[in-house]
Amino acid sequence: MIDKINQLLETVQAFQPATSAEIEEFRIRMLGKKGALNALFEEFKQVSVDRKKELGGRINTLKMAVQDKIAALKADWENADTEQRNDDLSRPGSNDRLGTRHPISLVKNQIEEIFKRLGYTVAEGPEIEDDWHVFSALNFAPEHPARDMQDTFFVDKENEILLRTHTSSIQVRIMENQQPPIRVICPGRVFRNEAISARAHCIFHQVEGLYIDENVSFADLKQSILYFAKEMFGEEARIRFRPSYFPFTEPSAEVDVSCNLCAGAGCNVCKGTGWLEIMGCGMVDPHVLEACGIDSQKYTGFAFGMGVERIAMLKYGIRDLRLYFENDLRFLSQFDSVI
């Protein structure tokens with residue numbers, strides 16, 4: 001067996017490839033599943049105990065020699081290929097174009113970065129959920145219309161398994177498994193059974209936030225949203241809160257931001273109002289806290305949620321949601337970015 005190891009070492013040292021393909025063939029011949037090294041290891045299993053230490057060391061030395069030889073040959077070949085390309089002045093120029101980020105990814109990443117600066121961490125969860133995490137734990141009544149098949153995609157109606165309709169299900173999972181303080185944002189794709197149009201789609205993306213601690217107030221919520229709006233839309237951005245209703249927050253509000261296309265003067269995008277709706281928010285309902293095992297007498301919190309497509313529409317002046325899903329390179333190439 002020692003003679004066989006020595007012969008293979010000599011073969012490795014003498015090997016000089018003529019093409020890069022020969023390097024790969026040599027790698028497979030030596031290190032492949034049916035290669036010489038594997039055959040040695042199989043034979044090694046039959047060696048007596050008193051010889052295992054010596055032979056094992058020799059085999060490992062051989063293996064390292066093979067790996068080092070292949071790495072050195074590949075590096076030399078790549079360097080030679082680069083030099084050849086640089087020296088060949090008649091070689092046609094490359095017309096390859098760099099890829100671009102999707103506008104949804106750009107905006108989602110920016111939203112995450114803004115809230116990370118406020119101390120939020122990013123949490124994710126499954127897209128296929130159960131009724132408890134999507135509806136029941138969030139204070140949805142059994143007869144709530146959102147449970148209807150017209151709004152929700154059910155995977156298994158009998159066992160109440162469905163595609164999540166919002167990323168609030170991630171917040172429920174966090175509250176069930178973590179005691180306050182909690183400060184998370186939950187980005188993700190959600191699904192609703194809606195007709196596809198310029199203003200709506202059956203698939204879209206959300207970023208929801210949750211902050212739970214002692215003495216959290218609505219004033220904390222307002223200040224956080226104001227900070228986000230100024231970071232996302234510019235220092236001149238203004239916000240307003242309108243009373244609303246959500247089963248899982250009380251009090252609840254819709255948040256509008258001053259239209260950045262007309263600077264609040266009024267245009268066809270904001271329908272002449274000077275304001276554009278960007279999210280819903282509110283103080284977490286005590287029933288939700290209790291359902292998730294958090295003491296509502298000790299802790300309070302706020303939650304908010306926004307559609308990434310809506311934020312991207314406002315940021316980039318996009319007027320048709322369907323553009324996000326058509327993968328038209330003429331559209332996507334406008335969003336050059338490396339972040």
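All values below were derived from every heavy atom in this structure, side-chain atoms included, with hydrogens, water molecules and symmetry-related copies excluded. Just so you know, residue 1 is the first one in the sequence shown, and it goes up from there.
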Just wondering, more than 12 heavy atoms not from Glu22 lying within 6.0 Å of its CD? yes
Report yes or no: is the cationic atom of Lys69 (NZ for Lys, CZ for Arg) closer than 6.0 Å to the six-membered ring centre of Phe15, at no more than 45° off its axis? no
Hey, quick one: are Ile203 and Val190 part of the same hydrophobic cluster, counting side-chain heavy atoms closer than 4.5 Å, chains of contacts allowed? no
Can you check whether Glu277's main-chain N or O pairs, donor with acceptor, with Arg310's side chain at less than 3.5 Å? yes
Check this for me, if you would: do Lys116 and Glu113 make a salt bridge, where the nitrogen-to-carboxylate-oxygen distance has to be below 4.0 angstrom? yes
Pairing residues for Val155 by the side-chain contact (heavy atoms from CB on, under 4.5 Å) criterion, not counting sequence neighbours: Ile128, Ile161, Leu163
Quick check against the 3.5 Å criterion: does Arg164 have a side-chain atom that pairs as donor or acceptor with the backbone of Val134? no
Can you establish whether the number of heavy atoms outside Asn215 located under 6.0 Å from its atom CG is more than 12? no
Test your reading of the model: is there a side-chain donor-acceptor pair from Gln206 to the backbone of Thr167, 3.5 Å cut-off? yes
Crowded around Lys315 NZ? As in, over 12 foreign heavy atoms under 6.0 Å? yes
Do Leu314 and Tyr316 belong together in a cluster built from hydrophobic side chains that touch within less than 4.5 Å? yes
For salt bridge (Lys or Arg N to Asp or Glu O under 4.0 Å), just list the numbers for Glu176 and Arg173, CA-CA rounded to whole Å, side-chain angles, deciding distance to a tenth of an Å, and then say yes or no. CA-CA 5 Å; Glu176 286 178 332; Arg173 291 183 176 274; 5.5 Å; no
Can you list the residues that meet the side-chain contact (heavy atoms from CB on, under 4.5 Å) rule with Leu321, with sequence neighbours excluded? Glu309, Met313, Tyr324
Report yes or no: does Asp220 contribute a side-chain atom to a donor-acceptor pair with the main-chain N or O of Gln223 at less than 3.5 Å? no
Lys63 atom NZ: more than 12 heavy-atom contacts under 6.0 Å: no
ILVMFWY cluster, Ile212 and Ile174 together (side-chain gap under 4.5 Å): yes
What pairs meet the ring pair (Phe, Tyr, Trp, His ring centres under 6.0 Å) rule with one or both residues in residues 167-201, with sequence neighbours excluded? His201-Phe325
Is there a donor-acceptor pair under 3.5 Å between the side chain of Glu254 and the backbone N or O of Ser244? no
Residue pairs passing the salt bridge (Lys or Arg N to Asp or Glu O under 4.0 Å) test where at least one lies in residues 320-332, sequence neighbours excluded: Asp320-Arg322, Asp328-Arg330
Which pairs pass ring pair (Phe, Tyr, Trp, His ring centres under 6.0 Å) with one or both residues in residues 292-315, sequence neighbours excluded? Phe115-Phe304, Tyr211-Phe302
Mark yes or no for whether Asp68, through its side chain, and Ala65, through its backbone, hold a donor-acceptor pair below 3.5 Å. no
N-O pairing of Lys108 and Glu112 below 4.0 Å: yes
Cut-off 3.5 Å, no hydrogens considered: what does the side-chain donor-acceptor table look like for residues 279-291, sequence neighbours left out?
residue : atom : partner : partner atom : Å
Asp285  : OD1  : His287  : N            : 2.8
Asp285  : OD1  : His287  : ND1          : 2.9
Glu290  : OE2  : Ser296  : N            : 3.0
Glu290  : OE2  : Ser296  : OG           : 2.5

Return yes if some donor-acceptor pair links the side-chain N/O of Arg240 with the main-chain N/O of Ser258 below 3.5 Å, else return no. no
Without swapping roles, check the side chain of Thr165 against the backbone of Arg192 for a donor-acceptor pair under 3.5 Å. no
